[in-house]
Each structure stands twice: as C-alpha cells, then as structure tokens.
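Comments concern the structure below.
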Amino acid sequence: MKLLKLVVFLIFFISINSCEKDNNVPLNQQQVDGLTNNAFLENFGDTITARFMGSVVNEAGNPISGVTINIGNSMAVTDVNGVFSIEAATVYEKFAYIKAKKNGFIDGSRALVPTDGVNQVAIMLLDKTPIATIASGQELTIGLPNGTSVNFSGDFETDLGYVYQGDVQVVLKHLSPEDDNMALQMPGSLIAENVDGDLRVLETYGMIAVELIGENGEALNIAEGTVAQVSVPVPSHVTNPPAIMPLWHFDEVYGYWKEDGFANLEGNKYVGEVSHFSFWNWDYPYPSVTVCITLVDDNGSPLPNQQLSLYSPALNSVGTYGYTNSNGVECGLVPQDDMLTLVVPDYGCIANNFSTSIGPFNTDTNITITVSDGNALTTNFSGIFNDCDGNPATNGYVQFYYNNTTSIVPVTNGVLDLVIDYCGTDTSFTAQFFDLVNGQSTDVISGNFSSPNTDIGNQMSCVDLADTDGDGVLDFNEDLNGNNNLDDDDTDQDGTPDYLDVDDDGDGINTIDEDYDNDGNPMNEDSDGDQIPDYLDELDVLIYESEVAGSGCVPNLVYDFDAIIAQVYSGLINNTYAFYLTEADAQADVNPIPNTYTDDGSTNSVFVKATNTITNQSDIAMVYFYEEYIDSDGDGLTDCEETTGVNSPNSNCDPNGNITDPNNADSDGDMVDDCVEAQQGTDPNDPLDF
C-alpha cells in the first residue's frame, strides 16, 4: 500500500458504507453548489455531511501552502505541508466537489463520492505562467512543442461581456493521458452529462486548459459569437482512434463535464472548435454499471487505502483512479460490456505494478481480487497519538516518508492501525504527527518496517507550532508562498510580515477578530464567498457592475430594485443593498432611491452599495439602465414608441407622437407600414391618408 501517494483521483467511486444515510441533513441545494434547479444533480442523491483531508502540490510535486480549499459551504487553507482538513462539509451523497485556488495557479479541483470516515484528496495545481502575448484584433495560432495549438480570431471580452481592446496573455496547458500526473492535474473527475442530459463515464484522450489575462490582470474569454480552433495530438499509445470524438467542457460551478461539440481526426490530431475557454476534454463516453472491487493480500486480509486504477485495453485510454476504503473495498461506475485492466501501482516497491484483467460487466457486480507479489512485504502499522494533555488526538495527520514517497494519513481518534505494503530492500521510514486542534506536533519518528507488525507505541504532540503575533494563525500557515521563509509573506505590503502582523490584510480588522464563527481558526472564514479568506482579503464584500432593463416605457420606465437584486445578485452572500443616483451619495449613505424607481429616460445609470452583514464593510458598483428594444410587428418602431408616441434612440424610426398598434405593422390597413407613414408625415391610423 502507498498511503495517499499524492495521487487521489476518484471517479464516482462509492464505499459500501456510503449507502447509509444516518448523517443526512436537510439543506438547500444552493449551499452545496451555488445554484438551484439543476436536474442532473439528482444523480448524486441527498445532501450529507462528510469529513475531508488532503494535500495540494505544484507541478514539481512540492507542497503548496496558503491554498484556499472550498467544499460545499466549508473552507480551509493548506498548511506548510500543503495539507488541509475540513471536519464537516455539506456535499452530495454520491458527489463531493473540492475546489483549490491560489494566485499564480490555474484553479484546481477534485470530485469524488464521500464515504464514512475521512475522505482523502490530492490535487496538483498547474502554474499560470503565460506562454505568449497577443494583441486583440490579431488572428494568431499559439502552440506547444507537442503539437497542441489554439487558433485565436483576435476577438476578446471581459467576464461582464464587454469588448476588450489591448494585449492578451495566453496560458496554455496540455494534460496527456500518457502523463502519470494527469490524474492529479485534471479538474473534477471523469463524470459527465451528455447532450441528452444522461450520466456518462468518460475515457479521456487528453485535455487542455486555457486562460486569457488582460493588461490589468482581468480574466478574459473569446468574444461571444466567435470560436477558436483547437488541435490536440492523439496519445501515441492509442490504437485505432475514432474518426469523430465528442468534446466536453468542465463546468466549474457544478464540478463535472458537459458534452459540447465534437472534434475530427486529422492525421494524428483531433481538431475542433470551442466557443469559450475553461478545461476542455476529448473523451469517449460509456453507459455504466456499478462494480464493487475488494482487494486482499495473499493471506486474504483486506488491503485498505490501496490505490488502484482501471482502464480499457481496447482503447488504451486512461480510466478511473481511486483508493479502497477501510475494508479494502471500492465501488463505482465502470463502462458497461467493456473488458478492463485493473492495476495496483507500486505495490511494495516502486515501479512494481500488479495487473489483472476483469470484466466485461453487463450488470452490477461484486468481485474479490487477490493482490500478490513476491517482492512486496506487508506490516500491521500501529501507534497511539495524544495531545500534550494526554488526550487522544481528534483532528490531525501523520506525514510518512518511505520508499521515496511522501504520504499523509488522517488521525481522528488518536489511534493509527493500518496495513502498509513496503519494499523488502528499503524498510526505513520517518513519521511526524501534526495536531491541527492545538497547533502542536510530535518530534520526527524514525524506524524500519518489520513483518508482521510495526508498533511505534504512544506519541505525544508537545512541540509547539508557534503563533508569534497571536492572531490565531500558526506561523507555519503564514508561509503563503511555501518557500519556508516567513519574512517574505506580507499580504498588505505594509513592511510587516504576516507572522508578525496582527492585521494581515490591512483592512483595519485584526486577524483574530475575523474569526466570526469563534472556532479559533480565522482561516476558514470567507464571508463574501470570493474564495479568499477574510483575514487575507482587504475588502470582504463582493459586488459587480450590471446592466438591467426597465419595465414599461419612457417616460414611465420602471426599475424594481428588489427584482434586480434577486435576478442579478442572487449568487452573492451576506449582503444588504442600497441604490443611489450619484457615487457621492452612495459613499455618504444619503438620498437612497426607493425600491421602485421611475425613469423618464434621462437616467443612464445608478450606483448600488453592497454592505457585508458580517464584517460591515461596503463596496460600490454601477448599474446601467436600458430600455428593451422590442418590435413585435417588425415595422421599425419599438413597441414602446407605438404605445407612447415618444421617440426612442434604440430605433431608426420616429413615431412623431402617433399612437399605433405594436402588434400590427400597418395599423390602418392602407398597405403602408406605420413607420413609413410616421416618417412621411401622414397619419398611420387613417386609411385614407397615405
């Protein structure tokens, strides 16, 4: 066994114990995924609470501290070892979506099926280093040495849909199924919704990630109505690739793939067009059946926490990855009627892979696989971990290093008792326990595995993890750039490093006072939902510009601000809102506009002020007004012009004060349209005047 070998990639895999619903809690769906009314989510069952622990590394495999982790409605930040722990997150019964975010990296994620106990996760973040800079309006092809390329038309827009003019930095990454790290790097899992709304399991032929960055660091995308042509090489190990391959984009809100177009095989590349950028995936979809696999050793003993993978030899394509539960069992969706290869990688010794064929399966199945190899040894590893008061540790982890691999193992009840497979030619290990509740650790424990048992006895975590500034954040968690140097982490750039600064973000609220739920940990507070912890966020309120249409017609164009809040700002949290005619009024909190505002056509915009109900901080944004251009009868006059006689700048026709029928292009039936008559000075309501 290789414990959480920095590779955890679970594809809809379900532990047998996950079928129990003892921890079901009623919860609004919006608290889990941010949106509602998504029928596809019914595939994932009810909402539950689950516990998670995991690690985040960079492309070199080194831990990244200071990564913000969001799971359902819960948040955490990785420590100096790149480890996070969330004791109770609200997720779906069969689907948990874990998001990881840090400046300088492409947003990462993992999706898995939560089980009883601690769900272990590992994510590798891709660095966000641009490979090229192009100018808007310039058609250009950007490529990688392996043949991956993107052809841009030169038309770009901001997140709010505004046309962008200026230089554009291009970040382009290719994720190859021939790369062992792909399982760590790709977002979510290989669960998808096809064009018919059906659940599918995917086998991937490769992915790309593209990010576009403006001159001021703003996120960009290709303009609406335009496309970019993308070419991706077929993996060299694939035989007989299909001539047409479905394309899938990753839905970053919900955490699964959606079918979106197709690519054609041209030589050794798949070439297709995409209308926007996120992660894109070239995958073959399968209907699925549920298969439960029990892994045991030569003695018939279950192999818990054992990594395994499944793939299709017929397509030579990457498939599923995961870990067995405490009973050595892993269940999940696999392709129906497909022969599969099961691999247990690095069993005992590095590069010593156990492999066997299973299937095909046309119905739900339970099977037991004996993992056997003469080079692998196993030991029952045990130890007791207490806090410095001698009480069992309830929230912590052991960081192991053996067989040239770093692993983390959760400890929740003070007892560690598990089976480890190791290599007989390299029996040495080191271990260190970290107590996340009390901010303490044990000394580093060194030893050698022995068979059948390795017992390290009782260990107490009494080595203080310092909190020099007393702000509730341990010093090693204030190493945000993860370079083991606390002096160069200064969030507010005030010259005082964060570990010595009682107000890390310089917002006037001390870090320790931003622990709003009073759990002793400021790192899990994000009151505005922007995925930046409040103690590192100078402005803990989220608001943005918007453009809204009024109801009715000038000079009685009505704007309902309560409706605007419900429609435009429904995804924001913990805010109250007020509207003002001028920015000065908004800043001074004077002369607010009533909730229902009537505009005579002279008001182009107003200002909305959002105030965080938890932090009491405020921010201001513009709301642009417009009158909807509706011409029901297609005569060139807007409906409002026809019913009011008032000219609108949104049309090329002037009603000249005439009231006409908005549903009849020729109100008087004289064979001449209302617009023409109005423009020529005749009466559009008199059939004899034409």
Side-chain angles (χ1 to χ4, degrees), residues 103 156-166 213-221 491-494 503 505-509 514 526-532 534-629 640 646 648-650:
N103 289 338
F156 303 96
E157 66 182 23
T158 67
D159 278 349
L160 295 176
Y162 300 126
V163 174
Y164 175 82
Q165 300 289 338
I213 306 169
E215 293 177 347
N216 297 316
E218 64 269 47
L220 305 175
N221 221 314
T491 298
D492 56 9
Q493 297 296 304
D494 65 351
D503 180 10
D505 55 10
D507 62 357
I509 306 173
E514 299 199 63
D526 181 18
S527 60
D528 59 0
D530 64 354
Q531 300 187 358
I532 302 174
D534 286 350
Y535 83 101
L536 297 176
D537 192 353
E538 182 182 7
L539 188 59
D540 300 319
V541 59
L542 192 59
I543 191 65
Y544 46 79
E545 292 182 351
S546 61
E547 189 177 43
V548 298
S551 60
C553 304
V554 171
N556 295 300
L557 196 58
V558 178
Y559 293 90
D560 183 342
F561 292 128
D562 287 336
I564 290 172
I565 293 169
Q567 295 169 7
V568 179
Y569 300 123
S570 62
L572 305 183
I573 60 174
N574 299 324
N575 280 348
T576 59
Y577 304 91
F579 293 81
Y580 303 85
L581 285 175
T582 68
E583 187 173 13
D585 283 352
Q587 291 173 338
D589 282 326
V590 296
N591 304 318
I593 306 173
N595 285 344
T596 301
Y597 176 74
T598 302
D599 175 35
D600 63 2
S602 62
T603 305
N604 295 320
S605 61
V606 296
F607 294 85
V608 57
K609 184 173 187 176
T611 301
N612 188 318
T613 57
I614 296 176
T615 68
N616 206 36
Q617 291 178 302
S618 299
D619 197 14
I620 299 169
M622 293 189 73
V623 178
Y624 297 94
F625 285 172
Y626 70 93
E627 180 182 3
E628 283 192 296
Y629 179 91
C640 278
V646 178
S648 169
N650 291 325

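Only heavy atoms go into these numbers, but all of them, side chains included; no hydrogens, no water, no symmetry mates.
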Taking everything shown except D562 itself, do over 12 heavy atoms lie less than 6.0 Å from its CG? yes
Check whether any side-chain heavy atom of I543 lies under 4.5 Å from a side-chain heavy atom of I620, and answer yes or no. no
First locate atom CG of D528, then atom CG of L542, and finally report the distance between them rounded to the nearest 0.5 Å. 5.5 Å
Should Y544 and M622 be marked as a side-chain contact (heavy atoms from CB on, under 4.5 Å) after you check the CA-CA gap, both sets of side-chain angles, and the distance that decides it? CA-CA 8 Å; Y544 46 79; M622 293 189 73; over 6 Å; no
What pair of heavy atoms forms the shortest contact from V541 to A610, and how long is it? CG2-O, 3.6 Å
Kindly write out the residues that satisfy side chain to side chain donor-acceptor pair (under 3.5 Å) with D507, not counting sequence neighbours, or none if the list is empty. none
Output a table of donor-acceptor pairs, distance under 3.5 Å, between side-chain atoms of residues 582-593 and any protein atom two or more places apart or on a different chain; print 'none' if there are none.
| residue | atom | partner | partner atom | Å |
| --- | --- | --- | --- | --- |
| T582 | OG1 | D585 | N | 3.0 |
| T582 | OG1 | D585 | OD2 | 3.3 |
| D589 | OD1 | Y580 | OH | 3.1 |
| D589 | OD1 | K609 | NZ | 3.0 |
| D589 | OD2 | K609 | NZ | 3.2 |

Test side chain to side chain contact (heavy atoms under 4.5 Å, CB included), reference T491, set D503, L536, D537, output is L536
Flag the pair V558 / T596 as yes when at least one side-chain heavy-atom distance between them is below 4.5 Å, and no otherwise. yes
Would you please indicate yes or no on a ring centroid separation below 6.0 angstrom for Y577 and Y569? yes
N612 (side chain) donor-acceptor with N616 (main chain) under 3.5 angstrom: no
Is it true that a side-chain atom of N595 and a backbone atom of F561 form a donor plus acceptor pair closer than 3.5 Å? no
So, for T598 and P555, which heavy atoms are closest and what is the spacing to 0.1 Å? CG2-O, 4.2 Å
Going from CD on Q617 to CD on E538, what distance comes out if it is rounded to the nearest 0.5 angstrom? 8.5 Å
For the student: nearest non-hydrogen atoms of V554 and E627, plus distance: CG2-OE1, 3.5 Å
Using side-chain hydrogen bond (donor to acceptor under 3.5 Å, both in side chains) as the criterion, point out the one residue from D540, D534, T613, N574 that pairs with S527. D534
Out of curiosity, I564 CD1 to S570 OG, how far, rounded to the nearest 0.5 Å? 13.0 Å
Could you tell me whether the side chain of E218 and the main chain of N216 form a donor-acceptor pair under 3.5 Å? yes
Aromatic centroids of F579 and F607 separated by under 6.0 Å: no
T603 (side chain) donor-acceptor with S605 (main chain) under 3.5 angstrom: no
Is there any ring pair (Phe, Tyr, Trp, His ring centres under 6.0 Å) pair reaching into residues 582-604, and which pairs are they, with sequence neighbours excluded? none
T611 side chain to T576 backbone, donor-acceptor under 3.5 Å: no
Are Y559 and V548 side-chain neighbours, meaning at least one heavy-atom pair lies under 4.5 Å? yes
Roughly how far, to the nearest 0.5 Å, is the CD atom of E547 from the OH atom of Y626? 6.0 Å
Taking CG in N103 as the centre, count heavy atoms belonging to other residues, nucleotides or ligands within less than 6.0 Å. Is the count above 12? no
